[in-house]
Amino acid sequence: MKIALIGVGNLGLSIAKGLVDQTNFDVEQLVLTKRNVSNLDGWKKHPHVLVTPSNIDAVRASDIIILCVQPSQINTILNEIKDELDEKRHLLISTITGRKIQDIADVIGKKVAIIRSMPNTAISVRESMTCLSTNANGKAKIGLAEEIFNAMGETMVIDENKMQAATVVCASGIAFWMRLIRATTQGAIQLGFDAPDAKEMATQACLGAATLLLESGNHPEEEIDRVTTPMGCTISGLNEMEHEGMSSALIKGLMKSYEKISQIMIEK
Ligand SMILES: NC(=O)C1=CN([C@@H]2O[C@H](COP(=O)(O)OP(=O)(O)OC[C@H]3O[C@@H](n4cnc5c(N)ncnc54)[C@H](O)[C@@H]3O)[C@@H](O)[C@H]2O)C=CC1
Ligand SMILES: O=C(O)[C@@H]1CCC=N1
């Protein structure tokens with residue numbers, strides 16, 4: 001595959017790392033673009049990686065173009081590359097929050113296959129939960145998008161009208177989990193562990209909980225029932241957390257993030 005990543009910032013770099021480390025398919029060429037490429041020098045040592053400030057050169061050299069710029073930057077990029085896009089050759093994959101497939105199609109004015117994706121930065125370690133949507137023009141290439149993102153985690157094809165919700169749960173979601181891990185780390189330090197040990201304990205406990213749910217297929221509450229010994233310490237702690245609004249705070253946070261995406265959608 002010949003892939004271009006347009007705008008390699010936080011997410012683009014994570015995808016680049018995931019792509020060069022995955023072993024499911026060959027990346028014949030990976031082109032990375034950014035306005036100022038000076039801090040991408042390390043990537044030049046990778047075989048098959050090309051670094052350039054030219055989005056047009058990247059499109060010319062690639063079949064699959066992954067757009068990773070901020071929502072406010074996307075129209076500038078689309079106007080810059082649209083004349084180079086070929087309806088038969090190119091697959092355009094957007095990671096842009098709050099920008100619909102139709103918004104992109106309207107700017108480029110061609111029937112290029114467009115797929116909207118929502119990965120998270122754990123794509124760098126091939127553990128992303130990536131949601132994908134497409135419209136009629138992209139249908140034939142959804143399998144290709146699944147192949148790409150399945151090599152770097154799990155994928156789910158969803159209706160585009162659920163993409164905002166998926167952004168909050170899966171992409172913002174890993175930040176929410178990390179904040180919970182940090183809070184657990186702080187608690188463990190207060191209980192006497194040094195910071196590195198506290199972080200390792202909190203992180204592995206989190207990984208264990210997630211793996212248990214994924215592998216068993218059980219509902220979280222079923223597994224919680226196995227941990228909460230009657231009159232024990234776990235239920236005392238859990239109930240105290242609920243009195244302080246833990247579940248409510250998380251749900252309210254998800255709703256607030258969702259509302260913010262609606263605002264980003266208006267600010268085109
Ligand atoms: N950061 C994350 O965890 C996730 C981000 N997203 C979406 O991905 C997109 C990028 O987000 P981030 O990586 O966080 O932003 P970022 O600001 O870190 O990266 C954007 C990059 O685009 C580059 N850029 C700007 N104008 C350019 C141009 N004309 N040509 C080439 N490169 C240009 C910037 O230099 C920067 O490196 C956003 O639309 C965001 O909503 C989606 C899922 C997760
Ligand atoms: O915070 C943001 O707007 C982007 C989208 C999801 C993760 N980062």
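When a ligand or atom number is given, it counts from 1 through the structure's own listing order. Because only heavy atoms are used, hydrogens play no part in the values below, and waters and symmetry mates are left out as well, while side chains stay in.
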Atom 35 (O) of ligand 1: the protein heavy-atom neighbour that sits closest, reported with distance to 0.1 Å: K34 CG, 3.8 Å
Atoms in ligand 1 flagged as close to P119, the criterion being non-hydrogen separation under 4.0 Å: 43 (C), 44 (C)
Exercise check, heavy-atom protein proximity under 4.0 Å to atom 6 (C) of ligand 2: yes
Salt-bridge contact R60-E84 (side-chain N to carboxylate O under 4.0 Å): yes
Shortest heavy-atom approach to atom 7 (C) of ligand 1 - which of T95, I15, N55: T95
For ligand 1, the portion of V8 having any non-hydrogen atom under 4.0 Å away: backbone
Residue M241 excluded, over 12 heavy atoms near CE under 6.0 Å: no
Minimum heavy-atom distance K100-R116, with the two atoms named: CA-NH1, 3.6 Å
Min N/O separation N10 to ligand 1 under 3.5 Å: yes
Atoms of ligand 1 close to T97 [distance to a heavy atom under 4.0 angstrom, numbered from 1]: 7 (C), 39 (O), 40 (C), 41 (O)
Which residue and heavy atom of the protein sit nearest atom 23 (C) of ligand 1, plus the separation: G7 CA, 3.7 Å
Over 12 foreign heavy atoms within 6.0 Å of NZ, K199: no
Atom indices of ligand 2 within 4.0 angstrom of T97 heavy atoms, with elements: 5 (C)
Flag if over 12 foreign heavy atoms under 6.0 Å of CD, E146: yes
D41 atom CG: more than 12 heavy-atom contacts under 6.0 Å: yes
Residue-ligand contact I77/ligand 1, heavy atom below 4.0 Å: yes
Other residues, nucleotides, ligands: >12 heavy atoms within 6.0 Å of M156 CE: no
Shortest non-hydrogen contact from L32 toward A16: CD2-CB, 3.9 Å
Polar proximity ligand 1 side, I6 side, N/O cut 3.5 Å exclusive: no
Polar contact flag for T33 and ligand 1 (N/O pairs, less than 3.5 Å): no
Partner set under side chain to side chain contact (heavy atoms under 4.5 Å, CB included) for E223, not counting sequence neighbours: L212, L213, S216, N218, R226
Transitive ILVMFWY side-chain link V51 to V27, under 4.5 Å: yes
Protein residue, atom and distance nearest to atom 1 (O) of ligand 2, heavy-atom basis: S172 OG, 4.8 Å
Between NZ on residue K82 and CD1 on residue I56, distance to nearest 0.5 Å: 12.0 Å
Nearest non-hydrogen protein atom, atom 6 (N) of ligand 1: L11 CD2, 3.6 Å
CD (Q186) with more than 12 external heavy atoms under 6.0 Å: yes
Q70, any N or O under 3.5 Å of ligand 1 N or O: yes
Taking atom 11 (O) of ligand 1 as the reference point, the nearest protein heavy atom with its distance: C68 O, 4.2 Å
For atom 3 (O) of ligand 1, closest protein heavy-atom neighbour: T121 CG2, 3.4 Å
Atom 19 (O) of ligand 1: the protein heavy-atom neighbour that sits closest, reported with distance to 0.1 Å: G9 CA, 3.3 Å
Name of the residue among C170, C68, S128, S14 meeting side chain to side chain contact (heavy atoms under 4.5 Å, CB included) with P119: S128
For atom 24 (N) of ligand 1, closest protein heavy-atom neighbour: V69 CG1, 3.8 Å
Proximity to ligand 1 by part of P53, non-hydrogen separation under 4.0 Å: neither
Top protein contact for atom 34 (C) of ligand 1, by heavy-atom distance: R35 NH2, 4.3 Å
